[in-house]
Structures are given as structure tokens and as C-alpha cells.
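Since we're looking at a predicted model, the values are computed, not measured. The sequence lines fix the lettering, A, B, ..., with proteins before strands; numbering per chain opens at 1.
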2 protein chains.
Amino acid sequence: MPAATPLTARRARTRQRLLDAALDVFAEEGFGRTTVERVCERAGFTRGAFYSNFTSLDELFLAMWEQRSTAMVDDVRAALAGVADGSPDDALRAALAAIPVDDAWYRVTAEFTAHALRNPALRRVMAARERSIQDAVLPVIVAALARTGRRVTDEAALGHALVAVHDGTTVQVLLEPDDATARIRREALFMNVLHAYSTPITADDR
Amino acid sequence: MPAATPLTARRARTRQRLLDAALDVFAEEGFGRTTVERVCERAGFTRGAFYSNFTSLDELFLAMWEQRSTAMVDDVRAALAGVADGSPDDALRAALAAIPVDDAWYRVTAEFTAHALRNPALRRVMAARERSIQDAVLPVIVAALARTGRRVTDEAALGHALVAVHDGTTVQVLLEPDDATARIRREALFMNVLHAYSTPITADDR
DNA sequence: CGTATTGGATACGTTCGTGTATCGAACGTT
DNA sequence: AACGTTCGATACACGAACGTATCCAATACG
């Protein structure tokens, strides 16, 4: 008889269904307009189920966000790791182009970020995520660049630049759903930034 | 006796007070959690005043947003126009660094953008703003670059890249309030992008 | 200076979401 | 197979925000 939460299989299932529903509803209704009731009905439960699994909507959101956030980082990391020892620039460009542009996830993240700016504790959560993105993605980028014969000059600066470009261009792509130009410009900007923050390794280096 | 809205001086004053209050409250409470009541009490009115000036909270928000948005664009344009015929790179860099990073405005815009992705009409509003930014800012940038001896290769691409970098780095600066590094990185990235999308004009050009 | 009109305040009924307290049913353990 | 435990449903009381309908006061106009 565990003291806090037994966490049986059944419990885990409904918890996950609530988490999944949360992403959908938060994306559809918006961060501030989301209610406990709608999340529950989306998950096929009543509020009773919710209150026996979470204590507040904030708690549910945070749990959902952490889960999805780490999953996203893993996805990106995997996509970039796949570059391996292929052809030079094009493989890298293709890998960057494969980074998913997810409508629902963007909305949730953007609104949560805005919200986090009001709350020191949440701001720390966002800062931590930024760090974990850097930690997970940068090594892979550096390695991929090395395979194309380039050495990164300032890793931290490159990391932040890539995140900024990613975030900034994601909106543009989403706002122009049927304009392929946006995606192309995005990829080009990614490559330009990679280029700006690295130098070719020549034979006489070092 | 005008048919629609007489728009007397008194009316205009309370309208403006409501618009000003709207920015504050939307920034503080968030897009979804903002209520008519709070906006009114912030402006020093009751709901009666509101409903005799606007028909819905959405209408108030849009009016406020258009007003502020064009004001912001004008500010940026003015800041960049000031580069005039000064010293080369540094003046441009200083001008870019002077672009305001406004906490409240960022929150409002970010949340509104997320919301606009759900509504075709609003999405068009955002797209129009993007265009007006390009139209207002690009010529000034191109001119400033020309004074430093550089010619822009792809104006549209540069415009979108600058907006993306602006948006992406603004969050980073706001999330790290007391870290000067973020601002410096921001400026550096701006300059790198300007550099990537332009070439030096040499004597043998053309 | 007086009167008509407009702008904003007050009062009201309604809807919607919340959180708690209670109850019934599915689970798994021996 | 029976029984105790846990999970989720149902019922309830409360509060918040909305939008309208009505009323009083400030303003503009003759």
C-alpha cells in the first residue's frame, strides 16, 4: 500500500488519456480559455476522473508540456543524428527541413511562453527547456557540421541562433499554409546561420 | 446628426482610455483570461461605458492591436531611418539594438498570433501586418546597407529573415532579463543575417 | 439659458465553470 | 469466488462574467 499514489495500470491509462486530451484542447481553445470540463469530455471522462488524478489545470498542463517537450527534443535530435556521414551540405539541409512544424504544438508553446514571462517559477521551466534543447541538439549539429568539413566557432551563440530562427520561422510557415516559399526561406536561413557560425577546416588548420 | 457614431470629443476620450487599459490588462491577464469587467475597472469605467463604445471584447482587442501595431512599426522605421550617412557597420548595429524589446507587447502579440492561427480572418490580419512591416522597414534597411557599401541580394528573403530573427530573439532576451549576453547575441545575429543577404559593392560592379 | 440627446452607471437574470462530497462499480488479491 | 480498496460518476452549492434594460447626468445645440 504505497502512501502517495498507487499508480496502478488503470490509473496510468486514464492519466495518459487526460494528458493527450489536454494537448488537443489547449491547442484548440487556447491557454486561457481551456476548462477542466472540456478536457474531460474530450478524454471521455467526467470531472471526477480529473480531480482524482490532478489537483489543478495548471498541474495537468505542466505534466503534458514536459512530456511532449522532451519527446519533441528527442525527435529533433534523432532527425539530426541521421545525417551521419552522408553528402555535405544537402544532407544537413534536408535534416533541418525535416524538423516538424506542428501547428498545435506551436500554439501551445507560444501561449505558454507568454504566460511564463509573468511567473518566475515558470520562467525557470522555460529556461531549463532552452538549456536541454541546447544540450541535446548542439552536439549533433557540431558533429554533422564536422562531417561536412566545418568547425563551429561559438557553440553557445550558434545554439541560441538556431533556436531563435526555428521559433521565428515556424510562425511564418504556419501563417502561410499554402506558400512553399516560406519553408524554403526557412531552410535557407538555417543554412546561412550554420555557415555564419562556423568556418571551413583547411589542411593548414592547427 | 450622423447616422452611425457621432464620435464626439468625449466619446473619443473614453474610447482611448479603454484602448490603453486593454493593452495593460491583456498583457497582465493573458489573452484568454481577459474580461470586459477588468478592462473597464482599469480604465475607470463600468461595463456600461464599454458596451456603448464596442460590441465585443474581440472588437476592442483588434482596435487596440491595430493602433499599437502601426505605432510600433513607425517607431522601428524611425529608429532605422536615423542611421543616415553615419559610420559603416556600427551605426547600423546600434540602430538595430535600439529596437525596443517590450515585454507587454510581446506577450500580447505572441498570444494573438497563436489565436490567429485558428481563425482565417485573423490570420489574414497577421499576414497583412507582416507585409506592412516589410514595406515599411525594408526600404530603410536597404538604404542603410547601401550607405555602408553593401547591396541586398534578395530583399524578400532578407525581410522575412529579419522578422524571424527579431521575433525569435525577443523571447530569449525577455526570458533572461538580467543576462546581457542575450542582447549581444541578438545584435550579432542581426548583423550576421544582414551580411548573409547582401554583398559588398566593389568598384568593378556592373 | 433651457432643452434634447448622448454617454455612462446601476440593477437584473442567466449561463458556465469550479471544487467538494458522496456513491456505485470495476479491479486485483488471496 | 468473495471482499476490501480504489477509481471515476453524479449531485450540489457557489462564484464569476456576460449582456440587456433602464435610469440619471453631462454635453451640445438652438
Could you tell me the separation between the [atom1] atom of [X] and the [atom2] atom of [N], rounded to a whole number of Å?
| X | N | atom1 | atom2 | value |
| --- | --- | --- | --- | --- |
| Arg15(A) | dT6(D) | CZ | P | 17 Å |
| Arg17(A) | dC7(D) | CZ | C1' | 13 Å |
| Arg11(A) | dT5(D) | CZ | P | 17 Å |
| Glu59(A) | dT18(C) | CD | P | 15 Å |
| Leu57(B) | dA16(D) | CG | C1' | 15 Å |

Does the protein touch nucleotides 24-30 of chain D at the base, only the backbone, or not at all? Give it as B, S and - per nucleotide, heavy atoms under 4.0 Å. -------

In short, the helix from dC1(C)-dG30(D) to dT30(C)-dA1(D) is bent end to end, axes from five pairs each side, to 10°, by 30°

Any chance you could lay out the side chain to side chain contact (heavy atoms under 4.5 Å, CB included) test for His166(B) and Arg186(B), step after step, and finish with the verdict? CA-CA 8 Å; His166(B) 172 268; Arg186(B) 173 187 164 93; 3.4 Å; yes

Quick one: do His195(B) and Arg150(B) satisfy side chain to side chain contact (heavy atoms under 4.5 Å, CB included)? Show the steps, please. CA-CA 9 Å; His195(B) 203 270; Arg150(B) 303 190 69 89; 3.5 Å; yes

Verdict with supporting geometry, Asp179(A) and Thr181(A), side chain to side chain donor-acceptor pair (under 3.5 Å): CA-CA 5 Å; Asp179(A) 185 0; Thr181(A) 322; 2.5 Å; yes

Interface with DNA chain C, restricted to residues 36-54 of chain A and to heavy atoms under 4.0 Å: Val36(A), Glu37(A), Arg38(A), Arg47(A), Tyr51(A)

Residue pair Tyr197(B) / Ala188(A): nearest heavy atoms and the distance that separates them: OH-C, 4.2 Å

Heavy-atom closest pair, residues Leu80(A) and Ala95(A): CD2-CB, 3.9 Å

Would you say Val165(B) and Val193(A) make side-chain contact, with heavy atoms under 4.5 Å? no

Flag the pair Leu57(A) / Leu60(A) as yes when at least one side-chain heavy-atom distance between them is below 4.5 Å, and no otherwise. yes

Backbone N/O of His160(B) and side chain of Gln172(A): donor-acceptor pair under 3.5 Å: yes

Counting only heavy atoms not in Arg17(A), do more than 12 sit closer than 6.0 Å to its CZ atom? yes

Students often mix this up, so state it plainly: with edges at 30° and 60°, are the rings of Phe61(B) and Phe31(B) parallel, tilted or perpendicular? perpendicular

Could you tell me whether Phe112(A) and Phe26(A) have their ring centroids closer than 6.0 angstrom? no

